[in-house]
Amino acid sequence: MQSWRRRGHQLHLPLHFVPCTFGTAMKQKQGLKDTKELTLKFEFNPKDGIDNPALSLAEDSVAAWVPRGTHRLCSPSDTEDAGKPRFYLLTKGDGESFGFCLRDEVGYKGHIIRQVACGGIAQRRGLQDGDRILEVNGEYVDNMEHFRVVQKIKASGNQVAVAVLDGNAYEVAKALNKNLAELLLGHTRPQLCHVVKDKSGFGFSVSAPEGVKGTFRLSVTSDGPADKAGVPSDSWLLELNGASVRNYTYARLTRKLKQSGSKVTLLVIDAKSEEFYRLQGVRVIAAMADAATLPFKARELHMVKGPDGYGFLLKEEKCSSGRMGQFLSEIDTGLPADRAGMRDRDRLLAVNGEGVEGLCHQEVVDMIRASGHQVTLLVIDPDGDEFYSLMGLSPLLFCEDGPHSSGTHTAPGSHPSMPQRNGTPIGTPRLCHLDMGPEGFGFQLQTITDKPGVFITQVAGGSAGKRAGLKEGDMVIEVNGSNVEQESYKEVLGRIKESGQQLTLLVVEQEVLRSYREMGLAITAVVAEGGDAAARAKALLGSRQGPRCEDWKGLSQSF
């Protein structure tokens, strides 16, 4: 056990999402509905692609059988497909490695795959030296800091889905200033949704073709529990409470839903994206999901050590999963940990952006001590810890990028999220200009239960929203110059629809929003990135520069 005590300075709580409510009320359908007569409307059987035999056979076979309706993956040596991304799901056992090294090299762009182990998992799947990783678990990472990409792969556990591009094709595309996100059009991430039953039920019904296992389509009642939890209507169900439904009959699924009590967690995917992954031969897993609507969120605690320390005790105990973890307890009232929002039995996930899962107690203690007089801890409360444990997932998979997303990483002990009353707020609101593409603006909106405002979710790769810089979780402050912070979902949606082919959004990340509100600063286009720089400087007169950043070039991480 290690205790950090003594008095310190006041810190503030980060914001976090809760389940969402939106839409107008309509008559609700209760319970599950057996629609065997709809069998002929199903154009394909998703389970064939979701659990594609080509993946397991191709790993060790010279010639793999590819089922009808799928495409065979080509190697970078095939001229026709050399400039196209390749998609892989890598699966390893406990104690194994994926068999490659991920590097950030001086003089080269991108996250580079090196040292592909001969006969290893990565080589058997088709990864090659020099490939650049574009996606990790469905999330575009080419413009992400290297250490965050490493963290995402580590948090993925024994399975990780990646999209890569041949090294030569990558360098040519960069030389021509091509937007690589456009190569990944055609799919969005699956969604992980936690639905809490009300008196009308879960708010969705299930369709299934007679005599076929694992093929379930969901119809969602407007403004019902499933709708509020972010479940898209007409989506395919892949997992129920962390278990795959690919071998479930309709009767078994109904029984499992009844046994779930008042809460269920669904992994769902839209038909277009399901087809995309199926044609790539990639089985969809929960680690690939967008979990923006989940009520279980990790929290960042920013603390400055006072004369009596931080005011908490760190203990090593067993987690819900049975593995050892680091827990926070004995929080002293009024000291930095208490003021930062630390709660008894919070589990520690990361120290200054570095994950601690799998580290021993002394290693974590040393990390905190090395931080000096400031530290940033990422934690999750007991309910969230139990939820992710039951799902077999790490909370780190679904942590937002937060303050590090600016493209730099601060030295330990100098976190950029430390708000200064006489200094500059962390981060900057962003003014995003969108030109509608063939598939619209490429994002979705949702609201936060019992709170005003609307936030961005489901930003499609390569879409107008992605190109403009929208991020999942951004709060919408203005639409075409009009403040919408107190407007309803329906009103905001109406403003966007009235925009025609062009749209301008003023958005802000949750952590930045917290900082501005704590300092009493209004968020307007004047202070936004993409606005008038001179006006912004005047509005924030007296601000101090942030801490110096480290050079993260030349890093290497083995997997």
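Side-chain atoms are counted along with the backbone in the values below, which use heavy atoms only and exclude waters and symmetry mates.
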Stepwise side chain to side chain contact (heavy atoms under 4.5 Å, CB included) test for Lys318 and Arg323: CA-CA 5 Å; Lys318 278 191 176 181; Arg323 297 182 178 181; over 6 Å; no
If you take all heavy atoms of Ile121 and Lys92, which pair is closest and at what distance? CD1-CB, 3.4 Å
Spacing of Asn352 atom CG and His302 atom NE2 [to the nearest 0.5 Å]: 10.5 Å
Might you work through the salt bridge (charged side-chain N to carboxylate O under 4.0 Å, His left out) test for Lys272 and Glu275, ending with a clear yes or no? CA-CA 5 Å; Lys272 182 179 178 180; Glu275 182 180 25; over 6 Å; no
For residues Arg283 and Tyr277, determine if any side-chain heavy atom of one lies less than 4.5 Å from a side-chain heavy atom of the other. no
So Lys152 and Leu397, do their side chains get closer than 4.5 Å, heavy atoms only? no
Return yes if some donor-acceptor pair links the side-chain N/O of Ser463 with the main-chain N/O of Ala460 below 3.5 Å, else return no. yes
Got a second to check how far Arg114's CZ is from Asp129's CG, nearest 0.5 Å? 4.5 Å
If you define the side chain from C-beta out and look only at heavy atoms, does anything of Val162 sit under 4.5 Å from Phe87? no
Short side-chain donor-acceptor distance under 3.5 Å, Tyr88 and Arg86: yes
Under the criterion side-chain hydrogen bond (donor to acceptor under 3.5 Å, both in side chains), I'd like the reasoning laid out for Gln159 against Thr91: C-alpha separation, chi angles, the key distance, then a yes or no. CA-CA 5 Å; Gln159 282 190 315; Thr91 303; 3.2 Å; yes
Could you tell me if Ser260 and Asn241 have a donor-acceptor pair between their side chains, going purely by distance under 3.5 Å? yes
Hey, does the side chain of His111 reach the backbone of Leu134 with a donor-acceptor pair shorter than 3.5 angstrom? no
Which pair of non-hydrogen atoms, one from Ala122 and one from Phe100, has the smallest distance, and what is that distance? CB-CD2, 3.9 Å
Interatomic distance, CD1@Ile133 vs NE2@His146, rounded to 0.5 Å, equals 9.0 Å
Intermediate values then yes/no, salt bridge (charged side-chain N to carboxylate O under 4.0 Å, His left out), Arg430 and Asp474: CA-CA 10 Å; Arg430 306 187 315 283; Asp474 279 343; 2.3 Å; yes
Val164 and Leu127, any side-chain heavy atoms less than 4.5 Å apart: yes
CA sep, side-chain torsions, deciding dist, call: Asp166, Lys84, salt bridge (charged side-chain N to carboxylate O under 4.0 Å, His left out): CA-CA 8 Å; Asp166 170 63; Lys84 297 179 182 179; over 6 Å; no
In Å, rounded to the nearest 0.5 Å, how long is the span from CD of Gln191 to CG of Leu238? 11.0 Å
For the residue pair Asp131 / Tyr170, report whether a side-chain donor-acceptor contact shorter than 3.5 Å exists. no
Closest heavy-atom pair, Val195 versus Ala229, reported as atoms and distance to 0.1 Å, is CG2-CB, 3.9 Å
Can you tell which of Lys174, Lys109, Arg132 makes a salt bridge (charged side-chain N to carboxylate O under 4.0 Å, His left out) with Asp142? Lys174
Can you see which heavy atom on Ser244 is nearest to which on Arg246, and at what distance? OG-NH1, 3.0 Å
Applying side chain to side chain contact (heavy atoms under 4.5 Å, CB included), run through Leu266 and Val231 and close with a yes or a no. CA-CA 8 Å; Leu266 311 175; Val231 180; 4.2 Å; yes
Please answer whether the main-chain N or O of Thr188 pairs with a side-chain N or O of Ser273 as donor and acceptor at a distance below 3.5 Å. yes
Assess Lys315 against Phe327: is NZ or CZ under 6.0 Å from the centre of the six-membered ring, and within 45 degrees of the ring's axis? no
Side chain to side chain contact (heavy atoms under 4.5 Å, CB included) between Arg125 and Phe98: does it pass, once the steps are laid out? CA-CA 10 Å; Arg125 288 298 192 207; Phe98 289 121; over 6 Å; no
Minimum heavy-atom distance Asp346-Gly341, with the two atoms named: OD2-O, 4.4 Å
Passing option when Arg189 is tested against Glu135, Glu139, Met288 for side-chain contact (heavy atoms from CB on, under 4.5 Å): Glu139
Keeping Glu386 on the side-chain end and Pro382 on the backbone end, is there a donor-acceptor pair under 3.5 Å? no
Tell me, do Asp104 and Ile112 make a side-chain contact under 4.5 Å, heavy atoms counted? no
Got a second to check how far Ile331's CD1 is from Leu313's CG, nearest 0.5 Å? 10.0 Å
Atom CD1 in Ile113, atom CD in Gln115: separation rounded to 0.5 Å? 12.0 Å
Do Glu300 and Thr376 have a side chain donor and acceptor closer than 3.5 Å? no
Are the side chains of Lys466 and Phe443 in touch, meaning some heavy atoms are under 4.5 Å apart? no
Show your working on side chain to side chain contact (heavy atoms under 4.5 Å, CB included) between Lys154 and Glu357 and close with a plain yes or no. CA-CA 10 Å; Lys154 284 183 175 180; Glu357 291 182 325; over 6 Å; no
Is the shortest heavy-atom distance from the side chain of Arg467 to the side chain of Glu182 under 4.5 Å? yes
Looking at Asp344, is its backbone amide N or carbonyl O close enough to the side chain of Ser329 to form a donor-acceptor pair, meaning the two atoms are under 3.5 Å apart? no
Angle class for the His194/Phe296 ring planes (parallel below 30°, perpendicular above 60°, tilted otherwise)? perpendicular
Any heavy-atom pair between the side chains of Phe455 and Leu445 that's under 4.5 Å? no
Shortest non-hydrogen pair, Ala340 vs Leu301, comes out as O-CD2, 3.3 Å
